[in-house]
Each structure stands twice: as structure tokens, then as C-alpha cells.
**Student:** 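First, the structure itself, so that you have it in front of you.
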Amino acid sequence: MAELCLKVLDGNYKTLAVSRGEGEACIVFSQEYKEGDMILFEASQQGTHIWLQLDDALGKSLVYVTGMAAYQIPFGNKRINLSPKAFSGTKHLICAREAKDYEVAAYRNLAVNVCDQSEARNIFPHAQANVETRGEAVFAAQNAIDGVTVTSCHGEWPYGSWGINKQDDAEIKIDFGREVEADRIIMYTRADFPHDNWWKQVSFSFSDGSSFEWELQKKDNPHEIVFEQKRISWLKLHDMKKSDEPSPFPALTQIEVYGRM
């Protein structure tokens, strides 16, 4: 069992709270966060599956950790893609628990990570894109794997999405940090019509060298495709072709990738 360590640091890297434990660690942080504060997580064994909760309003995700991971507490416009309850107030519950073997082996959405940030290192899954509309948090790549699937609008939480800034060469990569077995993708494309456009075709490429094209329809409920099981460490969504409707704003609300370790 891995030794786990959680810390809350201020902007000068002074430790404000710490918890260590074998297989599990929790912090009840009874202060208001200030700009520059961050949460650090580390496990004694690299390549560890962890149930990680950085804030009780965000919930927890089963993540794969390969080294020390840092999460910058967001403020101002950097937090409007999160629930307004997240990181607010004077009492916060931060928890980490090493996952059981049966939890890791379960068939599940391998892409969801409520703890993701654009600058995240050593914690997976991780979403990264070559463009995010105006660099705004409400259009960040991380929104596509945060577990929120409301497609009917765009903007502040719960309407965050990955926005492509009208770029034809936009692409998003979901990195799992290790090989996984996947056989199903579910996509929620943003459907704030008539503000939004929609993609009539998209392409997926995978780390094993395979790829496919996927024809989509205009709708506000999820698209789903099942394919022969692939052993992959990442996938990429690219070459999205929008419809002939006049709006220049197609976007991705959520992508789910199902499979097992």
C-alpha cells in the first residue's frame, strides 16, 4: 500500500496544512483560500490509482498519478467554469485514497477527471488542446472531461465546454498516462442552437496508430459509438467538419471513453 501525502501551500510555498497516511489521507482545511494557494498530492509509489477529491463541491475522480501533482486554487475568471461552491468558504474537505484492484478493473468512463487543469502534470486522464476560445476557462479543454454533460447553453458553470475559437485545425487530446483498453466513446456536443453550429463529421486517432471517421447528427443528446477494443494510451479528436448552418460556433461539452485497465 502506498504512503499518500496531501498538502495545502500558500503562494510562498509555506505549508498551511498537511496529512499523510498509508493508503488514505484527508485534510479538513478550515481557512478561506487566498490567491496563490495550491494543493499538492504525492504517493510513495509512482503509477498509483487514486480516488482524489480536491474539493467536496467538485467530487472525486479515479485518477492515475505518476509523480507529485499540484492543483492551483482558481480565482476570478479562472473559476467560473466550476461550481460557485467549489473552493469557497472556510471549510474544505480534501481526500485521497488508493483505489482497490476491483475498482481499477471495472468497466467505466476512463476519461473523467474533475481534478484536471490545463497546467496539470503527473495526473491522468488529462485533456489538452491546440486552441481554447480566447483562453477563457469556460472554453478550456478540461471542461470536456469534468463529468458535466449539460449541452443546452454555453458560458459559466454548468455550461462549460471546449471551445475551438472557430479554428478548422482544432484538436483535443485525452491522455490516459498509461495503456488502457477502450471500446466505446460517448460525446456530448454543445447544442445551444441557434447560437451553436454542430459537427456533421469528426475524426479520431489513437496511440496504436488506428483511426476512424464518425458521422454525427444534429441533436442535444449524446452521440455514441462502439468499436473493436483498442489498447491505447491516448486518443485525439480532430478534423471536425461543421454543418452548413450559419453559426461559426460548434463546441464539445463532454467526451467519455469507456473501457478497462
Side-chain angles (χ1 to χ4, degrees), residues 33 35-39 53-61 63 70-89 109 111-120 123 125-175 186-199 202 216 218-223 236-238 240 242-243 245-257:
Y33 286 117
E35 287 205 50
D37 289 353
M38 69 184 75
I39 299 170
Q53 175 178 293
L54 300 179
D55 186 90
D56 42 285
L58 287 182
K60 60 185 176 181
S61 285
V63 296
Y71 185 94
Q72 196 75 39
I73 305 299
F75 282 84
N77 288 331
K78 292 184 177 181
R79 66 178 296 162
I80 60 176
N81 59 327
L82 305 179
S83 166
K85 298 185 289 292
F87 305 107
S88 65
N109 177 12
V112 65
N113 181 7
V114 300
C115 307
D116 195 33
Q117 285 188 318
S118 59
E119 63 272 24
I123 184 168
H126 174 56
Q128 57 191 97
N130 63 345
V131 59
E132 297 172 341
T133 302
R134 296 185 297 273
E136 296 178 11
V138 293
F139 300 120
Q142 71 190 63
N143 298 328
I145 60 170
D146 66 359
V148 180
T149 59
V150 183
T151 63
S152 58
C153 195
H154 69 283
E156 296 183 12
W157 184 90
Y159 303 116
S161 59
W162 172 51
I164 67 170
N165 202 35
K166 300 184 286 186
Q167 289 190 202
D168 292 335
D169 64 346
E171 58 184 38
I172 186 171
K173 179 181 180 181
I174 310 301
D175 190 345
I186 297 177
M187 282 202 314
Y188 293 78
T189 49
R190 208 176 66 198
D192 186 9
F193 307 126
H195 172 277
D196 287 345
N197 204 323
W198 56 282
W199 293 309
V202 299
L216 303 179
K218 181 181 182 180
K219 59 180 182 176
D220 57 6
N221 51 348
H223 313 265
K236 187 181 295 184
L237 169 64
H238 58 97
M240 294 90 73
K242 65 178 182 291
S243 79
E245 294 186 12
S247 168
F249 302 120
L252 177 66
T253 295
Q254 196 74 188
I255 182 168
E256 300 175 347
V257 183

**Student:** Between Asn130 (side chain only) and Asp169 (backbone N and O only), is there a donor and an acceptor less than 3.5 Å apart?
**Tutor:**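 Yes, Asn130 side chain to Asp169 backbone: donor-acceptor pair under 3.5 Å.
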
**Student:** Do Val202 and His223 touch side chain to side chain, with heavy atoms closer than 4.5 Å?
**Tutor:** no

**Student:** Ignoring hydrogens and geometry, is there a side-chain-to-backbone donor-acceptor pair from Thr253 to Ser161 under 3.5 Å?
**Tutor:** no

**Student:** Give the minimum heavy-atom separation between Ala170 and Ile164, together with the two atoms involved.
**Tutor:**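 Ala170 and Ile164 have their closest heavy atoms at CB-CB, 3.6 Å.
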
**Student:** Just by distance, do the side chain of Asn81 and the backbone of Ala140 share a donor-acceptor pair under 3.5 Å?
**Tutor:**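 No.
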
**Student:** Working to the nearest 0.5 angstrom, can you tell me the gap between Lys78 NZ and Glu35 CD?
**Tutor:** 8.5 Å

**Student:** Check whether any side-chain N or O of Asn109 sits under 3.5 Å from a backbone N or O of Val257 as a donor-acceptor pair, and report yes or no.
**Tutor:**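 Flag set: sc Asn109 to bb Val257 pair under 3.5 Å.
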
**Student:** Could you tell me whether Lys166 atom NZ has more than 12 heavy atoms of other residues or ligands within 6.0 Å of it?
**Tutor:** no

**Student:** Using a distance-only test with no angle check, is there a side-chain donor-acceptor pair under 3.5 angstrom linking Thr151 and Asp220?
**Tutor:** no

**Student:** Exactly one of Asn143, Thr189, Asp146 should register a side chain to side chain donor-acceptor pair (under 3.5 Å) with Gln254. Which one does?
**Tutor:** Asp146

**Student:** Looking at Glu132 and Phe139, would you say the former's side chain and the latter's main chain have a donor-acceptor pair under 3.5 Å?
**Tutor:** no

**Student:** Looking only at side-chain N and O atoms, does Ser243 offer a donor or acceptor that is under 3.5 Å from a partner on Trp198?
**Tutor:** yes

